[in-house]
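The sequence lines fix the lettering, A, B, ..., with proteins before strands; numbering per chain opens at 1.
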Amino acid sequence: MLRTHNCGELSLDKLGVSVKLCGWITHKREFGPILFLMISDRYGMTQVVINDPTLVEKCKKMSAEDVIQVQGIVIDRNENRTDKYPTGAIEVEAKEVTLLNSSKPMPYDHNKEASDTIKLKYRYLDIRKSRIRDILAARGKVTALVRNNLEKNGFLDIETPVLNKSTPEGARDFLVPSRMWKGSFYALPQSPQIFKQLLMIAGMDRYYQVVKCFRDEDFRSDRQPEFTQIDIEMSFAEESDVMELAENMIKEVISGMKPDAVLPGSFPMISYNEAMERFGTDAPDTRYGMELITLDDIFKNSSFNAFANAAKESSMSVKGVIVEGKADSFSRNEIKKMETAVQGDGAKGLAFIKKINGELESPLLKFFSENEINEISSVIPENGILFIVADNRSIALKSMGNFRKRMASELDIIDKTAISPLWVIDFPAFEFSEENNRWVATHHPFTDFDIDAVESGADLSQISSRAYDMVINGHEVGGGSIRIHNIEKQKKVFSILGIGEKEAEEKFGFLLEALQFGAPPHGGIAFGLDRLVMVILGVDAIRDVIAFPKTTSASCLMSSAPSTVTTDQLDELGIKLTEKNNDNN
RNA sequence: GCGGUCGUAGUUAAGUUGGUUAUAACGCCGGCCUGUCAAGCCGGAGGCCGCCGGUUCAAGUCCGGUCGACCGCGCCA
């Protein structure tokens, strides 16, 4: 090695020791015959002092981000010690400084805010100079903890193909044209779902993989075209087996990353319906209260028709959120802004009732009977304000769920250090898609469900699936299910989903056939590694947990991918472009 | 596919009702400086105001389009 120590580990107990350090120059400070160099690496930074006139002349020519090797003696800084960085008590008195490689001036100032554009273009510099390097190190540790836990539990790491068959349902596939089979395409996996089920049928019993998945949809601050799943599947397992395993794994990861984190003995479980009713979302953030309340009973006989109709109609509901201690601090204007926000979720309006000095205040008060006023008053604490949406059930829930979220972040009542995990269970197996005018699988079409209920003619929307999601701090970090292992049941699902026998055969024939060769009961779960790392580290942007991320329009500013290719390459694939797009390189 | 915010030296920003040579800080280059800690002081270079078009005597500024970044909606089993 070119070094004996890294730039973050020297301290007073090494006084007088001859060391070699390697690193990047972060600062150079000249004072005529004396010169200081700060050199750093990912472990820290150390000051080098240069007194020798020849060395000073040599080092004067060096500049920031040059890579150097310093050979010298660790000395005490005495009265010039600093506590601004961990090595601040010592410095290295240089005997020799070797330039290993020079650097052009940095393209941007890493001590200040810089645009995402330039940081993504020079991603390797952003990693070198920012917290990204620590986040990536932490991510590596999360992966190691995961592997360690799963290996300990007898899971086998088995790779599955990246070049796959395109399947219907779900997200848009990334396609890869085939040279040997002109006109045919591989698809990159949206997840290794079918392969892990085939591994169960193959008798591998316990499988896991930390694996890239690809979805060609539109992106957000928490969504990237390629992302990583911790994919897990096990045979002869029921819900509780998968959930217990997953929960223990996550606990081990979190306590490995945050030893001070306080976690519940076992993660609370709530049903999908309860999550929707109490939080207006299937991924509730339980770090704070301010839960939704149902006001149908209070208003079903109200003379205020908008409320009464919603309260009586079964497809509608009156939902409220109480903000405590704020009745006197929201202006008419602020409330107007909140109304605009809930209207963005489709709600017709946002009503409010304040309680100040024991008296209710609201533009709607004149519509309410004494009885209603008493009931409302018993719900609202002094100086509280009740916000209300009366609308279609799904709109009321969604808009108040989002309202709760916005209000919590505006009031800054979220404990950023808390980790609040839970399970959401009893998801509906099927949802009716207005857009496609057919039923679609809520989780995916291989999820087991209560087939007896279907056979006895129950409403499809009321059928529960055997799926479960793990939610931490309002983020769905993982989800899975017990799978269908019976061919007839699987065919039944395809018929419910309107996938014809021929199409099912064409798209999933190999799975359907495999199910007939002694498929064991099995189930599993997949975690989004990127999101898991974000939640554990409290990072907001998925870009920050990925070494080389893409932009929200799925381009790489560093390599300029995607790019056009030569006509020779296209010819070889038998592909002809319909219109000439501008070069985006 | 839709909406919002933004785009001016290498970087981050300022730029007034449209009006002389487009500012500043940091960085860069040159010089000074014996204990700095984002060192300091003096001097200098550096601009397709994202791109295309329009309005105007005159556009960084107004209008239309377009490209890109970010945030959100739809979408993401």
Side-chain angles (χ1 to χ4, degrees), chain A residues 26-38 45-51 53 56 60-61 63-65 75 77-85 87-88 91 93 103-122 125 167-173 190-191 193-194 213-225 227 341 343-346 398 402 406 427-431 433-436 438-447 465 467 476 479-481 493 497 499 526 528 540-541 543 550-555 557 560 581-584:
Chain A
T26 55
H27 303 285
K28 181 178 66 172
R29 293 185 271 267
E30 294 179 47
F31 297 86
I34 186 172
L35 186 149
F36 299 97
L37 292 177
M38 294 296 310
M45 61 179 187
T46 303
Q47 175 161 286
V48 178
V49 59
I50 294 131
N51 292 307
V56 167
K60 272 185 178 177
K61 297 195 193 85
S63 56
E65 301 307 318
I75 60 171
R77 269 205 228 177
N78 298 315
E79 71 274 17
N80 294 310
R81 286 184 191 179
T82 174
D83 53 12
K84 287 186 179 172
Y85 38 93
T87 63
E91 60 192 351
E93 189 176 44
S103 171
K104 287 168 67 175
M106 289 295 100
Y108 69 94
D109 187 345
H110 48 257
N111 290 314
K112 282 199 231 158
E113 285 295 309
S115 69
D116 290 302
T117 313
I118 193 140
K119 286 193 291 188
L120 286 174
K121 179 171 181 189
Y122 296 98
L125 298 179
T167 54
E169 300 283 304
R172 193 179 292 119
D173 286 323
Q190 294 173 29
S191 81
Q193 181 61 35
I194 292 177
C213 302
F214 306 85
R215 292 177 191 178
D216 189 3
E217 293 293 343
D218 287 344
F219 306 105
R220 296 284 190 283
S221 58
D222 63 346
R223 269 161 39 190
Q224 282 270 311
F227 60 98
Q343 283 169 337
D345 288 323
K398 183 183 177 187
N402 285 335
R406 275 192 304 274
F427 282 86
F430 306 103
E431 279 173 318
S433 160
E434 301 290 345
E435 190 193 333
N436 300 313
R438 66 175 180 89
W439 291 92
V440 295
T442 306
H443 188 55
H444 59 55
F446 315 111
T447 304
S465 75
E476 182 205 323
S481 63
V493 173
L497 301 181
I499 299 174
D540 291 325
R543 278 188 301 278
K550 301 213 167 24
T551 67
T552 45
S553 47
S555 67
L557 296 178
S560 297
N581 291 314
N582 292 332
D583 281 7
N584 47 12

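- Closest to the side chain of A/Arg220, from the set B/G35, B/A38, B/G74, is B/G74.
- Separating the P atom of B/G15 from that of B/C42 is a span of 27 Å, rounded to the nearest Å.
- Put simply, CD on A/Gln190 and CD on A/Glu217 are 8.0 Å apart, with the number rounded to the nearest 0.5 Å.
- Rounded to an integer number of Å, the gap from A/Asp216 CG to B/C75 P is 16 Å.
- Contacts of A/Tyr85 with the nucleic acid, taken as non-hydrogen atoms under 4.0 Å apart, include base atoms.
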Pairing string of RNA chain B (Watson-Crick or G-U wobble, both atom distances under 3.5 Å; | = paired to other strand) is (((((((..((((.....[...)))).(((((.......))))).....(((((..]....))))))))))))....
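- Side-chain to base pairing of A/Asp109 with B/G10: no donor and acceptor N or O lie closer than 3.5 Å to each other.
- Within the nucleic acid shown, A/Pro107 comes within 4.0 Å of sugar-phosphate atoms alone, with no base atom in reach, counting heavy atoms only.
- With both ends at atom C1', the span from B/G27 to B/A45 equals 13 Å, rounded to whole Å.
- With hydrogens and angles left out, the side chain of A/Glu30 and the base of B/U36 share no donor-acceptor pair within 3.5 Å.
- Using modelled atom types, one side-chain atom of A/Thr87 and one backbone atom of A/Met45 make a donor-acceptor pair closer than 3.5 Å.
- When the P atom is used for both B/C76 and B/G54, the distance is 43 Å, rounded to whole Å.
- Listed pair A/Lys84 / B/A38 meets the phosphate criterion, a side-chain N or O lying under 4.0 Å from OP1 or OP2.
- Spacing of P atoms, B/U12 relative to B/U55, comes out at 34 Å, to the nearest Å.
- A/Glu476 places its CD atom 14 Å from the P atom of B/C76, with the value rounded to the nearest Å.
- Note on A/Ser63: every side-chain N or O is 4.0 Å or more away from OP1 and OP2 of B/G27.
- Distance check on atom C1': B/A13 versus B/C52 gives 27 Å, rounded to whole Å.
- Here the straight-line distance linking atom NZ of A/Lys104 with atom CD of A/Glu65 works out to 14.0 Å at 0.5 Å rounding.
- Counting non-hydrogen atoms under 4.0 angstrom, A/Thr447 reaches nothing in the nucleic acid.
- In this entry the distance linking CD of A/Glu113 with C1' of B/A25 reads 16 Å, nearest Å.
- The side chain of A/Ile118 sits closest to B/U12 out of B/C70, B/C37, B/U12.
- Of the possible polar contacts, one joining the A/Gln224 side chain to the A/Lys550 backbone as a donor-acceptor pair under 3.5 Å is found.
- Taking atom P in both B/A58 and B/U5, one finds a spacing of 30 Å when rounded to whole Å.
- In terms of position along RNA chain B, the nucleotide closest to A/Ile34 lies nearer the 5' end than the nucleotide closest to the other residue of the pair A/Ile34 and A/Asp116.
- Counting heavy atoms of neighbouring residues, nucleotides and ligands inside a 6.0 Å radius, atom CG of A/Asp540 does not exceed 12 of them.
- For B/G74, its base never sits under 3.5 Å from the side chain of A/Glu217 at any donor and acceptor pair.
- The separation between A/Lys28 atom NZ and B/A38 atom P is 18 Å, rounded to whole Å.
- Atom NE2 of A/His27 is separated from atom P of B/G35 by 19 Å (rounded to the nearest Å).
- Stacking between A/Phe36 and B/U36 is shown: the ring centroid lies under 5.5 Å from the centre of the six-membered base ring, and the planes differ by under 30°.
- The side chain of A/Ala171 lies closest to B/C76 when the candidates are B/U11, B/C76, B/C37.
- Positionally, the nearest nucleotide of RNA chain B for A/Ala554 lies more toward the 5' end than for the other of A/Ala554 and A/His444.
- One finds no side-chain N or O of A/Ser115 lying less than 4.0 angstrom from the OP1 or OP2 phosphate oxygen of B/U11.
- Ranking B/G35, B/G1, B/U34 by closeness to the A/Asp218 side chain, first place goes to B/G1.
- A distance of 9.5 Å separates CE of A/Met106 from OH of A/Tyr122, quoted to the nearest 0.5 Å.
- In this structure, A/Asp222 atom CG and B/C73 atom P are separated by 9 Å, rounded to whole Å.
- For the pair A/Thr117 and B/G68, the criterion of a side-chain N or O lying under 4.0 Å from OP1 or OP2 is not met.
- Distances shown here put every side-chain N or O of A/Arg172 at or beyond 4.0 Å from the OP1 or OP2 atom of B/G1.
- Nucleic acid contact class of A/Gln47 (heavy atoms, under 4.0 Å, all strands): base.
- A gap of 39 Å separates the P atoms of B/G30 and B/G68, to the nearest Å.
- Among the protein residues, A/Asn111 comes within range of no part of the nucleic acid, since none of its heavy atoms lies under 4.0 Å from any strand.
- For A/His444, the ring-ring contact (aromatic ring centres under 6.0 Å, His included) criterion is met by A/Phe446, not counting sequence neighbours.
- The distance between atom CD of A/Gln193 and atom C1' of B/C76, rounded to the nearest whole Å, is 16 Å.
- Put simply, A/Lys104 has no side-chain N or O that comes within less than 4.0 Å of OP1 or OP2 on B/G27.
- The side chain of A/Thr82 approaches B/C37 more closely than any other nucleotide in the set B/A69, B/U34, B/C37.
- Put simply, A/Arg81 has no side-chain N or O that comes within less than 4.0 Å of OP1 or OP2 on B/G35.
- In this structure, A/Lys119 and A/His110 have side chains that are not in contact, with every pair of non-hydrogen atoms separated by 4.5 Å or more.
- Annotation: side chain of A/Leu125 is in contact with side chain of A/Pro107 (closest heavy-atom distance under 4.5 Å).
- Spacing between atom CZ of A/Phe31 and atom C1' of B/G31 amounts to 16 Å, rounded to whole angstrom units.
- Applying the 4.0 Å criterion to OP1 and OP2 of B/C75, one finds that A/Arg223 has every side-chain N and O outside that range.
- Heavy atoms of A/Glu91 sit under 4.0 angstrom from at least one base atom.
- Open room surrounds NZ on A/Lys121; 12 or fewer heavy atoms of other groups in view lie less than 6.0 Å from it.
- Between B/A69 and A/Ser553, a contact under 4.0 Å exists linking OP1 or OP2 to a side-chain N or O.
- Relative to the side chain of A/Arg77, the nucleotides B/G35, B/A69, B/A25 differ in distance, and B/G35 lies closest.
- Between atom CG of residue A/Leu37 and atom CD of residue A/Glu91 there is a gap of 11.5 Å, rounded to the nearest 0.5 Å.
- Across all strands shown, A/Lys398 has heavy atoms under 4.0 Å from sugar-phosphate atoms exclusively, and none from any base.
- Taking side-chain N and O atoms only, A/Thr551 has a distance below 4.0 Å to OP1 or OP2 of B/A69.
- The separation of B/C28 from B/U66, taken at their P atoms, amounts to 41 Å, rounded to a whole angstrom.
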